[in-house]
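Residue numbers run from 1 in the order of the sequence given. Note that the coordinates shown come from a computational prediction; the quantities given were computed from them, not determined experimentally.
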Amino acid sequence: MRVFPAANFLLRPAQPGSVRPEEDEDEDSSKLSYRERLTMLTESFGSAKSRRMLTNSFTVNGYTLDRVTEKAVQEVADVTISQEANSSKLKIKEESLSTPQNMDIIPPQNKAAEKPQDVYNLNDIITQEELEVLDEMANVFTFAKSENIRQWKTEQTYPSFILSCLELFPVKQEVRQPKCRLLCYMLQLMTVYKMKMPELRKRNCFPVEWPSLIQKKIFDSFTLQTPSTNRTMANISMPVKMRDRLLSHIIVLALFLNNFTVDLTNLQKDAKVGVQKMNTICRSLGCGMRNQKGRVGGVTAETRIIELTLPLKLPSNEYVPGKRSR
């Protein structure tokens, strides 16, 4: 018998039917696949390089794959995980948008109220504790003089509607200060309403001077936050329903600040809201609407007035969120 180094030969497993009758094929090995036979052959007689390559291989679902294939498999796994995460995220978003009871667009209404100020509870919009943390920010309005307001108008420091409200506030500080707190919160809601999604998704999207309690309230009340996973970060979005909810809170604050009669001209312009969207929200709040002619800057113009009167003039059909105004 002559012996030769196995490394000098290219070894291959015997194919079915190629074993000579006088050679007995092992019963267990006959059940193995060609790949498994080749693996056993390499482990027993392969060169050092062949055995190293075999050691570097790995198994997925019973199949042996080499390192070249590993990268491709990992990429497929990453895509699958990403698709599952996006599917889960989309499911959460769709459920929140398609289930009306999950979200109140309009604040709770007291339909048995005898006075307009009793239709909505201000605590449903902002609590006393939250108002108190706005004291420092509201001081700029509380102690504002006529010349300050004129300068802000010229420089367009604040929205026109905010300044028009401020001009009508009483001078007495004990009466003026609570209104200025509400005005400050309304300004913050209007700022958020006009923000684009890329801005909202930034880590510090709100001004640093905003109290953390108010920032948390706005995020919790008007945004949808999907949980983070091992491979995806938490995502923040503002679906149409939540954006409409934000607008309804702005309008309710405007009603409280203007004795429940509001000129929509500046408010609609500042918030950049379409006429149809504004009409839908105002009617859902129970407001009556009328057109009124007046002179603005020496020019005759027609303005739209909303008024909260009793009994409430609620629409017969339920609120249906429309497309976002452009």
Side-chain angles (χ1 to χ4, degrees), residues 93 97 103-107 125-126 137 140-141 149 152-168 182-202 204-207 209-210 214-215 217-219 221-224 236-258 261-285 287 289-292 294 296-297 299 301-308 315 319-326:
K93 183 174 180 179
L97 293 176
M103 187 190 307
D104 296 324
I105 305 298
I106 305 301
I125 306 297
I126 182 169
M137 285 194 65
V140 66
F141 296 142
I149 299 176
W152 291 337
K153 281 185 176 181
T154 303
E155 298 175 354
Q156 299 183 347
T157 308
Y158 299 105
S160 300
F161 185 82
I162 296 294
L163 296 179
S164 65
C165 290
L166 188 58
E167 286 179 316
L168 301 176
L182 289 178
L183 189 67
C184 184
Y185 182 57
M186 182 181 179
L187 175 61
Q188 292 169 333
L189 294 188
M190 291 176 67
T191 301
V192 175
Y193 187 82
K194 292 187 291 183
M195 292 177 71
K196 305 297 183 182
M197 285 316 306
E199 297 177 276
L200 276 174
R201 293 191 177 113
K202 291 180 180 178
N204 298 311
C205 60
F206 296 148
E209 62 268 20
W210 288 17
I214 298 300
Q215 294 189 34
K217 176 184 179 64
I218 292 175
F219 268 123
S221 301
F222 305 112
T223 65
L224 179 66
I236 297 175
S237 62
M238 186 182 288
V240 175
K241 277 190 174 184
M242 286 191 170
R243 187 171 289 273
D244 290 349
R245 182 187 191 192
L246 176 56
L247 179 59
S248 74
H249 281 227
I250 291 173
I251 296 173
V252 170
L253 286 172
L255 289 168
F256 271 96
L257 290 171
N258 291 272
T261 300
V262 179
D263 184 343
L264 289 179
T265 306
N266 286 334
L267 180 58
Q268 183 176 332
K269 180 180 177 182
D270 292 337
K272 299 181 180 179
V273 185
V275 175
Q276 183 178 358
K277 172 74 71 177
M278 183 66 81
N279 290 349
T280 301
I281 298 295
C282 289
R283 290 195 179 99
S284 298
L285 289 169
C287 296
M289 306 183 68
R290 70 176 190 273
N291 293 330
Q292 178 176 299
V296 180
V299 179
E302 189 174 72
T303 60
R304 291 167 53 247
I305 307 295
I306 61 168
E307 186 175 7
L308 188 63
Y319 168 81
V320 178
K323 294 182 179 180
R324 185 172 302 171
S325 300
R326 294 185 181 274

Residue pair Cys282, Leu264: steps toward the side chain to side chain contact (heavy atoms under 4.5 Å, CB included) verdict: CA-CA 10 Å; Cys282 289; Leu264 289 179; 4.1 Å; yes

Shortest non-hydrogen contact from [X] toward [Y]:
{"X": "Pro159", "Y": "Met190", "answer": "CB-CE, 4.1 Å"}
{"X": "Gln268", "Y": "Gly274", "answer": "NE2-C, 3.9 Å"}
{"X": "Val252", "Y": "Pro107", "answer": "CG2-CG, 4.2 Å"}

Are the side chains of [Y] and [X] in contact, using a 4.5 Å heavy-atom criterion?
{"X": "Ile251", "Y": "Ile306", "value": "yes"}
{"X": "Trp210", "Y": "Ile218", "value": "yes"}
{"X": "Ile126", "Y": "His249", "value": "no"}
{"X": "Tyr185", "Y": "Leu253", "value": "yes"}
{"X": "Ile250", "Y": "Leu267", "value": "yes"}
{"X": "Cys287", "Y": "Leu255", "value": "yes"}
{"X": "Met137", "Y": "Gln188", "value": "yes"}
{"X": "Ile162", "Y": "Trp152", "value": "no"}

Nearest-0.5 Å distance, [atom1] of residue [X] to [atom2] of residue [Y]:
{"X": "Leu182", "Y": "Cys165", "atom1": "CG", "atom2": "SG", "result": "10.5 Å"}
{"X": "Leu285", "Y": "Ile106", "atom1": "CG", "atom2": "CD1", "result": "4.5 Å"}
{"X": "Leu200", "Y": "Cys205", "atom1": "CG", "atom2": "SG", "result": "5.5 Å"}

Sequence neighbours excluded - salt bridge (charged side-chain N to carboxylate O under 4.0 Å, His left out) pairs with any residue from residues 186-195: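 As it turns out, there is no salt bridge (charged side-chain N to carboxylate O under 4.0 Å, His left out) pair with a partner in residues 186-195 once direct neighbours are skipped.
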
Salt bridge (charged side-chain N to carboxylate O under 4.0 Å, His left out) partners of residues 152-163, not counting sequence neighbours, each pair once: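 Only Lys153-Glu167 qualify under salt bridge (charged side-chain N to carboxylate O under 4.0 Å, His left out).
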
Is the [atom1] atom of [X] crowded by more than 12 outside heavy atoms at less than 6.0 Å?
{"X": "Gln276", "atom1": "CD", "answer": "no"}
{"X": "Asn204", "atom1": "CG", "answer": "no"}
{"X": "Gln156", "atom1": "CD", "answer": "no"}

CA sep, side-chain torsions, deciding dist, call: Asn258, Phe161, side chain to side chain contact (heavy atoms under 4.5 Å, CB included): CA-CA 11 Å; Asn258 291 272; Phe161 185 82; 3.7 Å; yes

May I ask you to decide if [Y]'s main-chain N or O and [X]'s side chain share a donor-acceptor pair within less than 3.5 Å?
{"X": "Glu307", "Y": "Thr261", "value": "no"}
{"X": "Arg304", "Y": "Thr265", "value": "no"}
{"X": "Arg245", "Y": "Ser221", "value": "yes"}
{"X": "Thr303", "Y": "Gln292", "value": "yes"}

side-chain hydrogen bond (donor to acceptor under 3.5 Å, both in side chains) partners of Asn266, counting only residues at least two apart: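 Asn266 satisfies side-chain hydrogen bond (donor to acceptor under 3.5 Å, both in side chains) with no other residue.
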
Parallel, tilted or perpendicular: rings of Phe219 and Phe206 (30°, 60°):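 The rings of Phe206 and Phe219 sit tilted, inter-plane angle from 30° to 60°.
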
Stepwise side chain to side chain contact (heavy atoms under 4.5 Å, CB included) test for Ser160 and Lys269: CA-CA 9 Å; Ser160 300; Lys269 180 180 177 182; 5.8 Å; no

Member of Ile125, Thr191, Leu257 meeting the side chain to side chain contact (heavy atoms under 4.5 Å, CB included) criterion with Met186: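 The option that passes is Leu257.
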
